[in-house]
Amino acid sequence: MGQILYENESTQSFIQLSRKNSEAYIEYFKHNVFYSGIYPNVPLKVSFNLIATVFSKIQKSNKILILGTGFGGAAVQFKELRPDCQITTVDIEDVEELANEYFGLNKYPDIRFVTVDAIQFVKATPEKYDYILIDIFDEDRIPQGVISTDFISGIYSLLTPGGVLALNTNMRELQLFQQYSSNTNPLSCLHKQLYEAGFQAVLQNDFHNGGWMFGFKDKLDLKEFKSSLYEYYQMESNPYIKMSLAVSIIYLSKIQVSSSYPPLEQSVNPELDIIYEYRKYIFITLVSLLRRLRNMYADHSMVTRLCMLELQSLSNKLKRGEILEQDSGKKIFKCNDEEYYRKITFLDKQPYIISEIIPYLMLPDDLEMSIFKERHHSMILNLVYILGCYLDNEVVDLHIMDTFLKSEIGVC
């Protein structure tokens, strides 16, 4: 636990200062959920978040709109990437004073704070923007209005020609699931919604469990776009920007949607939310996978044993009638939804053992990458390391990486 710099009991929020990778690191939490983080002395060091903003180096991005300020981490990134941009950042709470004091936004010119509900702002503003970033959550859930047809259409109308939308969903495409599930990933319905709003291309980047979706107002050829990213990658000297460009080249995928996907409003229970439906989709698919792949993953590696112990511990607590702590299971499974674990406990009554489900559970971050992505996992980890997420002394062979990136864009 780091040093608490600010605390608000009424909103269960706090800001803490700690040290990571030999650098000061400031984090903002609300309801014990991480909202924003920044290395104040190295603002671009939070590399996997840079995925959402790095395209501003390439795309026209003079006027930028951020919906969901947090404490301004994205605004700082935009200003570091494109110092001459004008930013309007909107949040339902008045965060300007704290963002200036702790995240240093007052160091940058042309940042305008607006305190209003994002849905009302989109309806009322006459302005047009080159780049719109949406990062709005209520704890770990996306408010219904933020993914409504009217809201997405309103966002599209605010974009200038060539404009880009970056949308944080905290959900992944899970391509490997599709062949085993008769259900539709709710994220696919959201993809469809962007196309129906008028976006000409929708890209997805699931690196580091990010779940960032990008809507492009103009047509886009993915191979040509990755080639442009590679050109900037070659010219870029900042290691954090360079690596985030590399990650985008590797992990961006273009989304194709089926006309059979139901409208989002029909696929998401209005009394719940899209994140709940996404977790339910994963759970149902897990059962299908286990029926087909039983005994295929009788793995007893250290990671598996660790996951088994954690899952069994959570299951036993629920059986004893205990209430799970807010962050239960979060270190191993990226989910703190008590209902999720209650459903998983039914496995004890089934003719298969817990270890069989471990490889398909919602593991966090890099563990997920090795399970769900048929990619060069060790090299991707090196990308993360050199960006400073975990270690400060990792070295990646840039020649090997350059060769790999060339293969990604089809350059011999």
Side-chain angles (χ1 to χ4, degrees), residues 1-53 64-81 87-118 120-121 133-143 146 168 170 208-210 240 275 324-328 330-331 334 336 364-365 387-390 392:
M1 187 71 174
Q3 175 189 354
I4 300 298
L5 302 177
Y6 165 85
E7 190 168 14
N8 186 326
E9 293 184 0
S10 64
T11 60
Q12 298 180 13
S13 60
F14 64 92
I15 300 172
Q16 75 173 13
L17 170 66
S18 59
R19 293 194 70 80
K20 289 187 177 181
N21 309 318
S22 305
E23 292 284 353
Y25 185 59
I26 297 176
E27 298 169 283
Y28 167 52
F29 290 84
K30 185 177 179 181
H31 300 297
N32 289 319
V33 176
F34 172 82
Y35 270 61
S36 292
I38 191 171
Y39 290 89
N41 300 321
V42 195
L44 297 180
K45 192 176 178 69
V46 186
S47 54
F48 54 89
N49 283 343
L50 202 59
I51 290 169
T53 57
I64 295 173
L65 173 63
I66 299 171
L67 299 176
T69 305
F71 268 4
V76 170
Q77 290 176 18
F78 277 126
K79 275 295 183 180
E80 291 287 330
L81 291 165
I87 296 176
T88 298
T89 184
V90 177
D91 202 284
I92 198 167
E93 297 182 10
D94 185 356
V95 297
E96 181 174 0
E97 182 177 343
L98 293 173
N100 286 334
E101 180 176 356
Y102 296 109
F103 276 46
L105 268 71
N106 53 351
K107 297 186 298 186
Y108 303 96
D110 297 321
I111 298 179
R112 180 171 72 102
F113 289 85
V114 179
T115 304
V116 70
D117 183 276
Q120 297 305 315
F121 180 89
L133 183 147
I134 304 175
D135 192 4
I136 301 176
F137 286 86
D138 180 6
E139 297 187 23
D140 64 343
R141 287 168 162 75
I142 303 174
V146 173
N168 186 7
N170 204 26
H208 210 266
N209 201 37
Y240 307 116
I275 299 293
L324 297 183
E325 297 85 1
Q326 182 71 24
D327 60 346
S328 292
K330 202 169 183 181
K331 292 180 180 178
K334 196 180 177 75
N336 59 4
D365 307 333
L387 287 166
C389 293
Y390 304 113
D392 60 353

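- Shown here are the ring-ring contact (aromatic ring centres under 6.0 Å, His included) partners of F78, two or more places apart in sequence or in another chain: Y131.
- The distance from atom CD1 of I92 to atom CG of L67, rounded to the nearest 0.5 Å, is 12.0 Å.
- Each of F113, Y28, F29 was checked for a ring-ring contact (aromatic ring centres under 6.0 Å, His included) with F71, and the lone residue meeting it is Y28.
- The heavy-atom pair separating T115 from E93 by the smallest distance is CG2-C, 3.7 Å.
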Going through the checks in order, is the side chain to side chain contact (heavy atoms under 4.5 Å, CB included) test met by N170 and I142? CA-CA 9 Å; N170 204 26; I142 303 174; 6.0 Å; no
Would you sort out whether T88 and V90 count as a side chain to side chain contact (heavy atoms under 4.5 Å, CB included), showing the intermediate values? CA-CA 7 Å; T88 298; V90 177; 4.3 Å; yes
Evaluate the criterion side chain to side chain contact (heavy atoms under 4.5 Å, CB included) for residue pair D110 and K79; output intermediate values, then yes/no. CA-CA 9 Å; D110 297 321; K79 275 295 183 180; 3.8 Å; yes
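- Taking every heavy atom of both residues into account, G73 and S36 meet most closely at N-OG, 4.4 Å.
- The backbone N or O of G70 sits nowhere less than 3.5 Å from a side-chain atom of K30 that would complete a donor-acceptor pair.
- I66 pairs with exactly one of I134, T89, T53 by the side chain to side chain contact (heavy atoms under 4.5 Å, CB included) rule, that one being T89.
- Interatomic distance, NZ of K107 versus CD of E80, reported as 7.5 Å (0.5 Å rounding).
- Under the salt bridge (Lys or Arg N to Asp or Glu O under 4.0 Å) criterion, E27 pairs with K20, not counting sequence neighbours.
- If you take CG on L5 and CG on L98, they are separated by 10.5 Å, rounding to the nearest 0.5 Å.
- In this structure, N168 contributes its side chain and D135 its backbone to no donor-acceptor pair below 3.5 Å.
- In this structure a side-chain-to-backbone donor-acceptor pair under 3.5 Å is missing from D138 to P143.
- For the pair K45 and Y39, the cation-pi test (distance below 6.0 Å, angle within 45°) is passed.
- If you take CD on E96 and CZ on R112, they are separated by 11.0 Å, rounding to the nearest 0.5 Å.
- You'll find the side chain of L50 reaches within 4.5 Å of the side chain of L44, heavy atoms only.
- Nearest heavy-atom pair, A24 versus N41, reported as atom, atom and distance to 0.1 Å: CB-ND2, 4.4 Å.
- A distance-only check finds no donor-acceptor pair linking the side chain of Y102 to the backbone of L17 [under 3.5 Å].
- Considering every non-hydrogen atom in both G68 and D91, the closest pair reads C-OD2, 3.7 Å.
- Residues I87 and A75 approach most closely at CD1-O, 3.6 Å, considering heavy atoms.
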